[in-house]
Amino acid sequence: MLTLTYLRERRDSVISSLAKRGLDVTGSVDRILELDASRRGIQKDLDDTLAESNVLSRKIGELMREGKREEAEGVKSATSGLKEKTGTLRDKMSSLENEVHELLSHLPNTPSDMVVAGKSAEDNEEVGSWGEKPDLGDHNKPHWDIAKEKDLIDFELGSKVTGAGFPFYKGKGAKLQRGLIRFFLDYADDAGYTEYIPPLMINAESGFGTGQLPDKEGQMYHMPVDDLYMIPTAEVPLTNIYRDTMVNASDFPIKLCGYTPCFRREAGSYGKDVRGLNRLHQFDKVEIVQIQHPDKSAETLDSMVDHVKGLLEALELPYRILRLCAGDMGFTAAMTYDFEVWSAAQERWLEVSSVSNFETFQSNRLKCRFKGADGKNQLVHTLNGSALALPRIVAALLENHQDADGVKMPKALVPYVGFDRI
RNA sequence: GGAGGUGUGGCAGAGUGGUCGAAUGCACCGGUCUUGAAAACCGACGUACCUCACGGUACCGGGGGUUCGAAUCCCUCCACCUCCGCCA
């Protein structure tokens with residue numbers, strides 16, 4: 001969430017910045033500023049009225065102490081009008097505040113200067129790539145066929161027990177999942193991230209803190225009985241650790257990671273692209289999160305990008321890196337790099353990681369601050385990235401590394417899975 | 001699930017209707033002293049909003065209520081602790 005101060009001071013640049021996302025927010029920005037202005041007027045009134053009645057109250061206290069009951073009663077009667085006035089002003093204040101907050105919480109983050117304008121994936125910039133697309137020749141089965149032949153993943157069984165998009169992993173398929181998770185976590189551990197095993201359900205405050213609510217309400221599984229949401233990513237519980245906290249400037253950077261299953265309703269995505277492991281309702285992911293000083297977050301984002309590069313190269317998967325255009329970025333991000341691996345049999349790129357800097361957008365919602373050099377409290381920067389999401393990695397591993405009689409495991413993975421071929 | 005208790009500033013911990021935004025101790029910050037440090041002493045020391053400023057207002061787990069006035073009384077929700085029951 002943008003801060004009101006920022007919006008007040010930088011109205012024009014907010015509008016032009018969000019125009020890069022293809023949004024015209026002039027109306028709602030001006031509405032916010034207008035409501036805020038009248039809120040301030042009301043507050044002045046309210047504060048004055050309260051000050052007035054505080055004076056009278058103090059006076060009554062004095063008179064009572066001096067035993068002048070009758071005089072006190074006289075002053076009391078003078079307060080009734082004030083009381084009524086504060087009541088109505090208070091109501092006005094809070095309804096204005098709510099309205100401002102509502103509008104403000106629906107404004108997406110402003111893209112960084114480096115981010116280009118654009119509406120869709122078409123406009124994303126490719127900023128790096130690695131590896132060669134393998135030539136599969138005759139051995140070019142899509143991963144769902146390999147998974148079936150080798151009995152690694154059972155999609156139909158998942159449909160029976162739960163529903164589409166909830167597969168069972170089995171035998172070497174399950175071991176591959178476990179090995180990948182452990183490989184990713186060890187790699188993050190080596191990079192100085194502290195591992196957490198967070199709750200898989202979160203409350204609405206946490207959903208708001210990282211920006212899933214209200215923007216992505218319909219994309220999360222919700223348990224109405226207890227009003228809890230299944231996490232769509234470990235980002236939510238991990239980042240919310242720091243909700244309502246003051247962090248010590250000397251603790252920067254704070255680095256956390258965690259493996260969790262992730263749950264997404266994926267409402268609205270039907271048809272193609274959902275075959276096999278391409279899009280699931282439940283999938284496994286290791287997430288890395290950093291809390292950083294505002295001056296350092298840009299370089300931190302780069303270091304997180306390098307982290308993901310290292311993982312993909314160890315897995316011997318050709319990838320490309322995209323800097324998302326403004327319109328393709330998530331609601332909360334100021335800058336995002338997506339990693340896509342080449343899926344050799346499907347002959348398409350699959351997104352396997354998204355690394356973002358949210359700057360102060362989340363920390364403002366989270367109320368996560370530190371004491372700056374000038375002694376004033378300021379908002380931290382938050383960042384996170386997938387390192388990595390499993391299903392599409394598995395898809396690419398199976399497809400890219402297949403040969404005449406199976407699938408060869410990349411060297412780095414062999415100690416983790418305990419076999420070198422499937 | 002049943003019974004009871006607790007929730008105050010970074011931490012500890014006073015405060016049961018008016019002079020309490022809140023004693024005291026610790027931590028932190030600035031200064032004196034010192035070659036330097038420690039100790040000692042002095043000072044500053046919560047957050048947010050409004051105001052050019054002086055200053056004002058709100059906040060003692062969250063929300064609501066009583067009252068001229070609430071950290072203090074009442075209701076409710078939440079969290080934690082203790083005991084009992086149940087269960088992995």
Side-chain angles (χ1 to χ4, degrees), chain A residues 1-9 32-105 197-209 213 223-229 237 240-252 254 291 293 360 363-380:
Chain A
M1 188 160 71
L2 303 174
T3 66
L4 204 46
T5 329
Y6 185 80
L7 202 61
R8 248 187 251 153
E9 287 167 1
I32 290 169
L33 293 177
E34 192 184 308
L35 290 167
D36 177 52
S38 56
R39 191 213 96 233
R40 280 187 283 168
I42 302 268
Q43 175 164 3
K44 186 84 183 73
D45 255 16
L46 176 60
D47 285 357
D48 290 348
T49 315
L50 285 170
E52 218 178 309
S53 65
N54 284 344
V55 168
L56 293 181
S57 290
R58 244 166 277 155
K59 182 119 184 227
I60 292 169
E62 273 172 46
L63 292 171
M64 295 293 262
R65 229 172 306 118
E66 291 164 14
K68 300 175 181 168
R69 282 195 67 91
E70 279 179 30
E71 256 184 83
E73 288 302 323
V75 181
K76 264 194 206 183
S77 60
T79 60
S80 65
L82 290 178
K83 208 182 178 191
E84 202 177 314
K85 191 171 172 193
T86 55
T88 50
L89 287 172
R90 237 191 265 272
D91 289 348
K92 261 191 225 170
M93 262 278 281
S94 67
S95 81
L96 282 169
E97 272 170 350
N98 289 340
E99 214 175 329
V100 167
H101 187 262
E102 175 73 11
L103 287 167
L104 205 52
S105 68
I197 300 179
L200 303 182
M201 296 188 204
I202 47 115
N203 57 31
E205 290 75 43
S206 295
F208 179 82
L213 293 175
M223 324 288 191
V225 216
D226 298 296
D227 196 20
L228 294 172
Y229 297 84
N240 271 282
I241 292 171
Y242 287 90
R243 172 153 54 84
D244 294 321
T245 57
M246 288 290 289
V247 310
N248 232 312
S250 59
D251 292 339
F252 289 133
I254 296 167
I291 314 278
H293 189 286
T360 59
S363 59
N364 185 35
R365 295 173 161 241
L366 293 161
K367 299 259 181 311
C368 178
R369 298 166 302 173
F370 70 103
K371 208 165 275 298
D374 59 356
K376 288 194 174 168
N377 291 338
Q378 48 179 304
L379 296 167
V380 302

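Numbers restart at 1 for each chain; the letters A, B, ... are given by sequence-line order, proteins then strands.
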Exercise. Write down the distance between NE2 (A:H101) and P (B:C49), rounded to a whole number of angstrom.
Key: 13 Å
Quiz item: For A:N364 and B:A48, what is the distance between atoms CG and C1' respectively, to the nearest whole Å?
Solution: 13 Å
Practice problem: Report the residues that fulfil side-chain hydrogen bond (donor to acceptor under 3.5 Å, both in side chains) with A:D91, sequence neighbours left out, ordered by chain and then residue number. | Solution: none
Self-check item: Separation between the P atoms of B:A27 and B:U82, rounded to whole Å
Solution: 30 Å
Quiz prompt | A:D244 CG - B:C78 C1' separation (whole Å) | solution = 14 Å
Practice problem: Do nucleotides 57-77 of chain B as a string where each nucleotide becomes B, S or -: B if the base has a protein heavy atom under 4.0 Å, S if just the sugar-phosphate does, - if no protein is that close. | Solution: SS---------BS--------
Quiz item: Do the side-chain N or O atoms of A:K371 get closer than 4.0 angstrom to the phosphate oxygens (OP1, OP2) of B:U47?
Solution: yes
Quiz item: Within this structure, what is the CD-to-C1' distance between A:Q378 and B:A48, rounded to whole angstrom?
Solution: 16 Å
Exercise. Specify the closest pair of heavy atoms between A:S206 and A:N240, including all atoms of both residues, with the distance to one decimal.
Key: O-ND2, 2.9 Å
Quiz item: According to a strict under-4.0 Å criterion, is A:R8 in side-chain N/O contact with OP1 or OP2 of B:C50?
Solution: yes
Quiz item: Roughly, in whole Å, what's the span from NZ in A:K59 to P in B:U19?
Solution: 17 Å
Quiz item: Which value, in whole Å, describes the distance between the C1' atoms of nucleotides B:A12 and B:C28?
Solution: 15 Å
Quiz item: Nearest nucleotide by nearest heavy atom, which residue falls closer to the 5' end of RNA chain B, A:K44 or A:M246?
Solution: A:M246
Quiz item: With rounding to whole Å, what would you report as the distance between B:G25 and B:G13 at their C1' atoms?
Solution: 8 Å
Quiz prompt | side-chain contact (heavy atoms from CB on, under 4.5 Å) involving A:L4 - partner list, sequence neighbours excluded | solution = A:R8, A:I32, A:D36, A:R39, A:V100, A:L104
Hey, can you pull the donor-acceptor pairs under 3.5 Å for the side chains in residues 45-56 of chain A, sequence neighbours left out?
{"from": "A:D48", "atom 1": "OD1", "to": "A:K44", "atom 2": "NZ", "distance (Å)": "3.3"}
{"from": "A:D48", "atom 1": "OD2", "to": "A:K44", "atom 2": "NZ", "distance (Å)": "3.4"}
{"from": "A:T49", "atom 1": "OG1", "to": "A:D45", "atom 2": "O", "distance (Å)": "2.7"}
{"from": "A:S53", "atom 1": "OG", "to": "A:L50", "atom 2": "O", "distance (Å)": "3.2"}
{"from": "A:N54", "atom 1": "ND2", "to": "A:L50", "atom 2": "O", "distance (Å)": "3.4"}

Quiz item: How many angstroms lie between atom CD1 of A:I254 and atom OG1 of A:T245, to the nearest 0.5 angstrom?
Solution: 7.5 Å
Exercise. Name all residues meeting the salt bridge (Lys or Arg N to Asp or Glu O under 4.0 Å) criterion together with A:K371; count only those two or more places apart in sequence or in a different chain, and write none if there are none.
Key: none
Quiz item: Can you tell me how far P in B:G18 sits from the matching atom in B:A53, rounded to whole Å?
Solution: 34 Å
Quiz item: Now, which nucleotide makes the Watson-Crick or G-U wobble pair with B:A58, with each of the two distances under 3.5 Å?
Solution: B:U47
Quiz prompt | Selection: residues 33-40 of chain A, any non-hydrogen atom under 4.0 Å of RNA chain B | solution = A:R39, A:R40
Self-check item: Length of the CG-P vector between A:D45 and B:G56, whole Å
Solution: 18 Å
Self-check item: Separation between the C1' atoms of B:C86 and B:G5, rounded to whole Å
Solution: 22 Å
Exercise. Please report the shortest heavy-atom distance between A:V247 and A:Y242, naming the atom on each side.
Key: CG1-CD2, 3.7 Å
Quiz prompt | Considering all heavy atoms, the nearest A:S105-A:F208 contact | solution = CB-CE1, 3.9 Å
Quiz item: Taking the same atom, P, in B:C80 and in B:A88, what whole-Å distance lies between them?
Solution: 23 Å
Exercise. Determine, for A:E73 against A:K76, whether the closest basic-nitrogen to carboxylate-oxygen distance falls under 4.0 angstrom.
Key: yes
Quiz item: Under a 3.5 Å cut-off for both distances, is B:A40 Watson-Crick or wobble paired, and to whom?
Solution: B:U32
Quiz item: Tell me: CG of A:D227 to C1' of B:C78, nearest whole Å?
Solution: 13 Å
Quiz item: Measuring from A:Q378:CD to A:S363:OG, what's the distance to the nearest 0.5 Å?
Solution: 10.0 Å
Self-check item: Distance between C1' atoms of B:G9 and B:G4 (Å, rounded)
Solution: 29 Å
Quiz prompt | CD1 on A:I202 to CG on A:L213, rounded to 0.5 Å | solution = 6.5 Å
Quiz prompt | Pair assignment for B:C83, Watson-Crick or G-U wobble, requiring both distances under 3.5 Å | solution = B:G2
Quiz item: With both distances under 3.5 Å as the test, what is the Watson-Crick or G-U wobble partner of B:U66?
Solution: none
Practice problem: Using the C1' atoms only, state how far B:G85 lies from B:A71, rounded to an integer number of Å. | Solution: 36 Å
